[in-house]
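Just below is one structure, and these are the notes that go with it.
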Amino acid sequence: MSAPSLTPSKAGRPRHSQPPPAGPPSPGGSFGRSLKRNLTAHGFLIGAVLCFAFFSWYPMVREFFLAFQKTDQGEVSWVGLDNLRTVFNDPAFWQAWRNTLLFTVLALVFGFAVPFVVALVINELRHGKGYLRLLVYLPVMLPPVAAVLLFKYLYDPGYGLLNELFGSVGLPEQQWLQDPDLSMLSVVIASTWMNMGGAALIYLAALQGIPGELYEAAELDGAGLLRKIWHVTIPQTRLILSLMLLMQIIATMQVFVEPFLLTGGAGPEGSTTTVVYLIYQYAFNFNDYGAAAALGLLLLVLLAGFSAAYVKLSRAEDE
Amino acid sequence: MSTRTLISPAQLARPRGKALYWVTFGGVVTLFTVVFLGPMYWMVSSGFKDTQEVVRTPPTLVPESFEPDNYSQAWNVMDLAGLLGNTLYYAFGALAFQLVLDVAAAYSLSKLRPVFGKAVLGMMLATLMIPATVLVVPQYLTVLDVPVFERNLLNTPWAIWLPSVTNAFNIFLLKRFFDSIPRELLDAASMDGASAVRTLWSIVLPISRPILGVVSIFAIVGVWKDFLWPMLTLPDPAKQTLNVGIYSLSNGVPVNVLIAALTMASLPTLIIFLIFQRHIMSGLTAGGLKG
């Protein structure tokens, strides 16, 4: 456990006044009372702590060990950096990282910009806000299998609605999921549709917190719409925007379900193989837990920086 | 609504502004409806089409054929009743475990403040920094052979329930809420001789209903939406969740029947959402960024 010092200590700190240590110290009984209080407190805590111990903390430690071990028919042996070597020498390795990066960048372009614009638009409207908010969040509530298979039909080159739409405006039909150049983009579009609701609602809440006087002041200075967005809206929501940016990077780098369900994971010519899909393959198709753990460790190291930045920023927001 | 936004009210009050506003409004509402509701409408209506119509181009907006039989066929062939029952069982079990254990833990950390409480909370929050997908492999190995107890939890509901408790985000949300309950209230109760359990039950929980609602909905929806974990830990087809079951059967059934199945699998969470949407939305924006 290397990270506790990085965690937000704001959580441990009461927000308002520091409460006095329970009860005034009375000589004699204070030790017994404090023991009893602690026993009660730990009694309340124990269930969750055991669950964490077995299903979170122990697996965290085990991940590190696994990465340097090889399990062969129940025999565990230390292999040092062999697993990392296996992973590095896999031709799919670099492709998976490239694909994951492509997904992350595309998902940022769509998944970051689109919900912000959507929130801006909804916030400007004087009517129907509730309905629009509901619409945007609706897909988030679909089970992912339903949403993804739905998109599989929309993308279908034969009878899919998307090609129908393209055809009706005179655009050439596309082999969405079968074309290696388009498959990742198709995955991103589906993923954005499914997941953007949460981000849009958070932006909307942030936009509602901007004091109107700032816009008035900007208008007095002769600022137009775009300048107001640039000089008031964005600076005022900067913290939330950067938090969401970090959160999105962390989440999209771990993408698995969408490509797995849409293209079977690898996709045409391996064009949708992501890092997590590769981890999945090592562990559950090749039974090579060591390689899976080694690759997982690489992902962890890469994302640790973003996580640390996130924690730091969210602490800054709290103060 | 009198809060000032980007566009000034004066601008909107002018005839040109008004016209522009209504045009934009109409456009936005149409666009959003088509983009977000359109695919869902297509899903529900295609579930009623016959095999030829569902793959016809151009697609029909209103089904010409009407085969509600698809729905009953999907229900029977894919054993949706069984899958739905399983999913409900896992979801409400996970909810019960989370409500009891996470609430108790958050209460302890917030109000009882045990020794090492801060360290425990820190270690819980540390789990949020580890990418969830990285932990899937060692967690799966743990489920195969739980240390100390030496049990294999594969194909048992415990594999869903127990890990669902390790939700540091929920504990954090609850703890923050409990922190905001005035200390004096609890002191008064303990002065009257109420035990910690009693105080939690009769004072803290009634005040905390909004946050408990949010946590509950997240817990249920979390299990309902999960895919990878149940796919790994519940390989037995008779024990699977809706997501996994539909996925594994998706290649063997006609398109219209599968689409009918997707519609039915989507309904429960959509209904939960429509009923509790206000709570969900406020919970999202209140706690959505913390963690």
Side-chain angles (χ1 to χ4, degrees), chain A residues 1 3-4 7 11-12 14-15 19 38 40-42 44-45 47-48 51-52 54-56 59-60 62-63 66 121 123-125 128 132 135 138-139 141-146 149-150 154 159 161 164 198 201-202 205 212 215 219 228 243 254 256-257 276 283 289 292-293 296 299-300 303 307, chain B residues 3-8 25 28-29 32 36-37 39 43 55 57-58 101-102 104-105 107-108 112 114-115 118 121-127 129-131 133-135 137-139 142 162-163 165-166 172 179 183 196 224-225 227-228 243 246-247 262 265-266 269-270 273 281 284-285 288-289:
Chain A
M1 224 64 48
T7 56
R15 303 215 59 176
N38 262 303
T40 321
H42 283 294
F44 274 89
L45 205 49
C51 286
F52 269 93
F54 281 110
F55 297 102
S56 256
M60 274 161 82
R62 191 150 180 205
E63 162 73 20
L66 275 175
V121 170
N123 198 39
E124 285 314 309
L125 297 178
L132 293 174
L135 277 186
L138 222 44
M141 299 310 281
L142 291 179
V145 170
L149 291 183
L150 182 59
L154 298 183
Y159 56 88
L161 280 184
E164 209 51 56
L201 292 193
I202 287 170
Y215 290 122
E219 270 155 28
K228 275 190 277 183
L243 279 172
Q254 299 181 61
F256 171 81
V257 174
V276 174
Y289 297 121
L299 185 64
L300 178 90
L303 290 184
S307 293
Chain B
T3 43
R4 205 23 264 270
T5 52
L6 263 176
I7 295 162
S8 74
F25 177 74
V28 168
V29 169
F32 277 38
F36 292 106
L37 223 46
M43 176 168 80
V55 295
T57 51
L101 298 181
D102 286 353
Y107 174 64
S108 173
L112 305 175
V115 217
K118 278 188 186 175
L121 182 67
M123 275 166 64
M124 285 176 173
L125 291 174
T127 61
M129 299 198 30
I130 308 287
T133 46
V134 168
L135 281 191
V137 173
Q139 267 176 338
T142 308
L162 295 179
V165 174
T166 65
F172 181 62
D179 282 346
R183 180 112 215 135
W224 210 275
K225 291 195 62 170
F227 177 75
L228 177 59
N243 270 326
I246 290 182
Y247 163 72
L262 298 183
S266 310
T269 35
L270 286 181
F273 174 58
M281 303 248 194
L284 245 181
T285 40
L289 271 177

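Numbers restart at 1 for each chain; the letters A, B, ... are given by sequence-line order, proteins then strands.
Contact of A:Leu138 with chain B is made through backbone and side chain together, with heavy-atom distances under 4.5 Å. Within the 4.5 angstrom heavy-atom criterion, atoms from both the backbone and the side chain of B:Tyr247 approach chain A. Proximity to chain B is limited to the side chain of A:Leu154, based on heavy atoms less than 4.5 angstrom apart. The contact between A:Ala292 and chain B is made entirely by side chain atoms (from C-beta outward), counting heavy-atom distances below 4.5 Å. Using a 4.5 Å cut-off between heavy atoms, A:Leu125 touches chain B through backbone and side chain atoms alike. For B:Phe32, the parts sitting under 4.5 Å from any heavy atom of chain A are the backbone and the side chain alike.
Across A:Val121, A:Leu149, A:Leu132, A:Leu150, the residue that shares the most heavy-atom pairs under 4.5 angstrom with chain B is A:Leu150. When B:Leu37, B:Val28, B:Thr133, B:Leu135 are compared by the number of non-hydrogen pairs under 4.5 Å with chain A, B:Thr133 comes out ahead. Taking A:Gly128, A:Pro144, A:Gly296 one by one and counting their heavy-atom pairs under 4.5 Å with chain B, the maximum is reached by A:Pro144. Heavy-atom pairs under 4.5 Å with chain B were tallied for A:Glu63, A:Glu164, A:Glu124; the largest tally goes to A:Glu124. Most heavy-atom pairs under 4.5 Å with chain A: of the set B:Val165, B:Asn243, B:Leu262, this distinction falls to B:Asn243. Options B:Ala196, B:Pro131, B:Ala265, B:Ser8 differ in how many heavy-atom pairs under 4.5 Å they form with chain A, and the most are formed by B:Pro131.
For the pair A:Phe54/B:Leu162, no side-chain contact is recorded, criterion being any heavy-atom separation below 4.5 Å from C-beta on. Contact check for B:Phe36 versus A:Pro139: side-chain heavy atoms found under the 4.5 Å cut-off.
If you take CZ on A:Phe55 and OG1 on B:Thr142, they are separated by 7.0 Å, rounding to the nearest 0.5 Å. The CD atom of B:Gln139 sits 6.5 Å away from atom OG1 of B:Thr166, with the distance rounded to the nearest 0.5 Å. For the atom pair CG of A:Leu45 and CG of B:Leu101, the computed distance is 10.5 Å after rounding to the nearest 0.5 Å.
Contact record, A:Asn38 with B:Pro114: OD1-CA, 3.2 Å, taken as the closest heavy-atom pair. Across all non-hydrogen atoms, the minimal contact from A:Leu300 to B:Val134 is N-CG2, 4.3 Å.
With sequence neighbours left out, the salt bridge (charged side-chain N to carboxylate O under 4.0 Å, His left out) criterion links A:Glu219 to A:Lys228, B:Arg4.
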